[in-house]
2 protein chains.
Amino acid sequence: MVTTDKPQPRSTLRDVARLAGVSVATASKALNGRDQVHPDTRARVLVAAERISFTPNALARGLLAGQTGTVGLITGDLDGRFSLPILMGAEDAFGKGKMSVFLCDARGDAIREKYHLDALLSRRVDGLIVVGSRTDPRPSLGRNLPVPVVYVYAPSTDENDLSLVPDNVQGGADSAEFLVSRGRRHIAHITGETGYAASQDRVRGIERAMSSHGLPLVGGAQFGSWTEQWGRNAAAQLIEQHPEVDGILCGNDQIARGVLETVREAGWTVPGRVAVMGYDNWEVFTTGSRPQLTSVDMNLEALGALAARRLFDAINGDSRSGVELLPCRIVPRETT
Amino acid sequence: MVTTDKPQPRSTLRDVARLAGVSVATASKALNGRDQVHPDTRARVLVAAERISFTPNALARGLLAGQTGTVGLITGDLDGRFSLPILMGAEDAFGKGKMSVFLCDARGDAIREKYHLDALLSRRVDGLIVVGSRTDPRPSLGRNLPVPVVYVYAPSTDENDLSLVPDNVQGGADSAEFLVSRGRRHIAHITGETGYAASQDRVRGIERAMSSHGLPLVGGAQFGSWTEQWGRNAAAQLIEQHPEVDGILCGNDQIARGVLETVREAGWTVPGRVAVMGYDNWEVFTTGSRPQLTSVDMNLEALGALAARRLFDAINGDSRSGVELLPCRIVPRETT
DNA sequence: AAATGTACCGAAAAGGTTTTCGGCGAATGT
DNA sequence: ACATTCGCCGAAAACCTTTTCGGTACATTT
């Protein structure tokens, strides 16, 4: 089963020109819609190109133009659910043009990141998008890169870089407001690891919103891990120590799933006795649960789309810097 | 905040040569470890290259060599959990060499797929990996492409293409064997949509294994959807109609989660009263559940790694065709 | 001292495309 | 009939790197 048939050599512009009986210059102009070429000639070239299924060599084109129409996306967590929506948003925003996205996974490893950076730069990408798996600031790729860079989700520590980050303070505040507006008065917060900027920001937003209503945060913010198991444990303790609780804001959807499981096993109805909200709006978790989980969506696709636009602008000489915060939105379902 | 500082122009080999006081030819040879260059000269070139942080232009190199050191990966489901492990496996296998992976998301849309295919071919990728989200055969990209193609997870309908697919028949059979070897005798199967080759294959494997032991499949294969909700519903019916059931094989981990929830709420212990197995081994589901879920892993990273090797071989003229089945493995946890 | 060999370096071509600019033929104006 | 304009086409340069091959300078041999 070992064959060795070299596939047909790819056709070049010269082949097209020869077949159409014109020069390569004319063929090029005809194919690219330049003027200065007679309609009949153009038609001849087009059919010739079609006949031998000519595909212009982007390498040669990029070499000449100094632009390749590609951007590199270096991500820290391919397994994660953050970088993918961002990638899709970016692809969509670029899509209408002729940009392609070169994706690399550094897996949080600085060495691998450097390796991929070199690979991308040598392939002359027109720009870079750097995606992290946490909203904590991360080291900059450096100031004197030959192409513009946009940091997404994980901001750069360098103020001169441009970073796009979801506004977790606002997201947290909105989630609290949401429960308050639904009549909840005894709200608790169970979140993930304390070392994450995401947890800290959301806590800050929640506390701000609660105090603006003169309400306490029942039991204070409970830090743990980002797992269902922690959600179950924390919820068990919470309903024992604070049976008055009527709303639980969770640090992510997995914690919320754990919380949901525990409170329902304790005989509490959701949302009757207590409302529960998740964070991230990870569909497979939010719609799989019973009842379906209200959650906070960080609009990651929009984040990716904005990254694409900002990068596009920067490539065209119009670059910004600093941190841009993008709003989160609440997706109401059945647990509130 | 709108600046317009064009970043420094990238340095070329000519710059290096000038700085080192040699010709470009010598500079090239020095940098690429060719012989015919004096050690002192080579050293001069290397420091010169370092000083101006020279990065060879992969476009020019690729144009000349006819090889770009890149492969395209066209996937159908970026949101899905299948293509990502495959991508990572492929990246790992390539990683040691100097291959980079160009990822595109076609979202199951033939038009978008064609678009990306053209984009990749024009960028002169050395090969293509096509990943689908279902194991059902998919249309071939065509026989006369200028580069080799490997189809992964979703096989091509064309026997002349090379396809790499997890062996779901074996996976199903092994899962049944596993429960039987643990002493279960009344095994049921709750799976997803009937139209999926994956469901059909697994059912076939399960039925084969059961009948080889002279055991019936309790209630027959139950088809539904790939959701937790279906798992809950099907389990409720199952334990009512077949209270003798002591093992449940599920079509995926989400169904298993639903089953788990229902049987536990009915007061059955797991694995005491009934064993439960998932499929896919999606960590976030299998380890988040209580008890943690035994599941079948399709070894997707290995699949991706093999795809990379096969593609590499094909690029070097050693190509195969047909469908290769890769074994699945069982990951025992607490539900069995 | 002449001839041969060795070690190193540089000129040039190649790869495919785009763009500029000069040129050629035909049509128009006088 | 001549000059001018206009429309269209092609030659050539440019992008950057790699490789081949000829050449130079020096050391070695006879």
Side-chain angles (χ1 to χ4, degrees), chain A residues 8-46 48-49 52-70 98 118-119 121-126 146, chain B residues 8-46 48-49 52-70 98 118-119 121-126 146:
Chain A
Q8 58 268 44
R10 312 200 215 204
S11 48
T12 93
L13 187 59
R14 174 144 53 225
D15 302 330
V16 177
R18 184 164 34 220
L19 190 58
V22 298
S23 72
V24 288
T26 304
S28 171
K29 282 181 281 199
L31 289 172
N32 294 328
R34 291 271 162 288
D35 50 1
Q36 300 275 17
V37 46
H38 196 278
D40 296 356
T41 313
R42 184 188 308 277
R44 271 211 325 282
V45 172
L46 287 179
I52 60 178
S53 61
F54 166 73
T55 317
N57 187 329
L59 269 54
R61 190 182 288 194
L63 184 58
L64 197 56
Q67 301 244 78
T68 54
T70 53
K98 337 200 65 29
D118 287 345
L121 289 182
S122 82
R123 285 179 177 77
R124 294 304 191 261
V125 293
D126 295 332
Chain B
Q8 58 268 46
R10 310 199 216 205
S11 48
T12 92
L13 187 59
R14 174 146 50 226
D15 302 329
V16 176
R18 184 163 34 219
L19 189 57
V22 298
S23 72
V24 288
T26 304
S28 171
K29 282 181 282 198
L31 289 172
N32 294 328
R34 290 271 162 289
D35 49 0
Q36 298 277 13
V37 44
H38 196 278
D40 296 356
T41 313
R42 185 189 306 280
R44 272 212 324 281
V45 172
L46 287 179
I52 59 178
S53 61
F54 166 73
T55 317
N57 187 330
L59 268 54
R61 193 184 291 206
L63 184 58
L64 199 55
Q67 300 245 90
T68 54
T70 53
K98 337 200 63 30
D118 288 344
L121 288 182
S122 82
R123 288 182 175 77
R124 293 304 189 262
V125 293
D126 295 332

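Proteins get letters first, then strands, A, B, ... in listed order; numbering begins at 1 in each.
One N or O on the side chain of B:Ser11 and one on the backbone of B:Ile52 form a donor-acceptor pair closer than 3.5 Å. Judged by distance alone, with hydrogens and angles left aside, the side-chain atoms of A:Asn32 form no donor-acceptor pair with the main-chain N or O of A:Arg34 at under 3.5 Å. B:Arg44 contributes a side-chain N or O that, together with a main-chain N or O of B:Ala20, makes up a donor-acceptor pair within less than 3.5 Å. Put simply, the side chain of A:Asp126 gets close to the backbone of A:Gly69: a donor and an acceptor are under 3.5 Å apart.
Per the geometry, CZ belonging to B:Arg42 stands 13 Å off C1' belonging to C:dA7, to the nearest Å. Between the CD atom of A:Gln36 and the P atom of C:dC21 there is a distance of 13 Å, given to the nearest Å.
Proximity of A:Val45 to A:Lys29: side-chain heavy atoms (C-beta onward) are nowhere separated by under 4.5 Å. Looking at A:Arg123 and A:Thr68, their side chains never come closer than 4.5 Å, going by heavy atoms from C-beta outward.
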Next on the checklist: So if I define the base as every atom that isn't primed, P, OP1 or OP2, how would nucleotides 13-25 of chain D read as a B/S/- string at a heavy-atom cutoff under 4.0 Å?
Outcome noted: -BBBBBBB-----
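By the side-chain contact (heavy atoms from CB on, under 4.5 Å) test, A:Ser53 is found to be paired with no residue, residues two or more places apart in sequence or in another chain being considered.
For the atom pair CG (A:Leu31) and CG (A:Leu46), the distance works out to 6.0 Å, reported to the nearest 0.5 Å.
Taking the C1' atoms of five terminal pairs at each end of the helix from C:dA1-D:dT30 to C:dT30-D:dA1, the two resulting helix axes are inclined by 60°, rounded to 10°.
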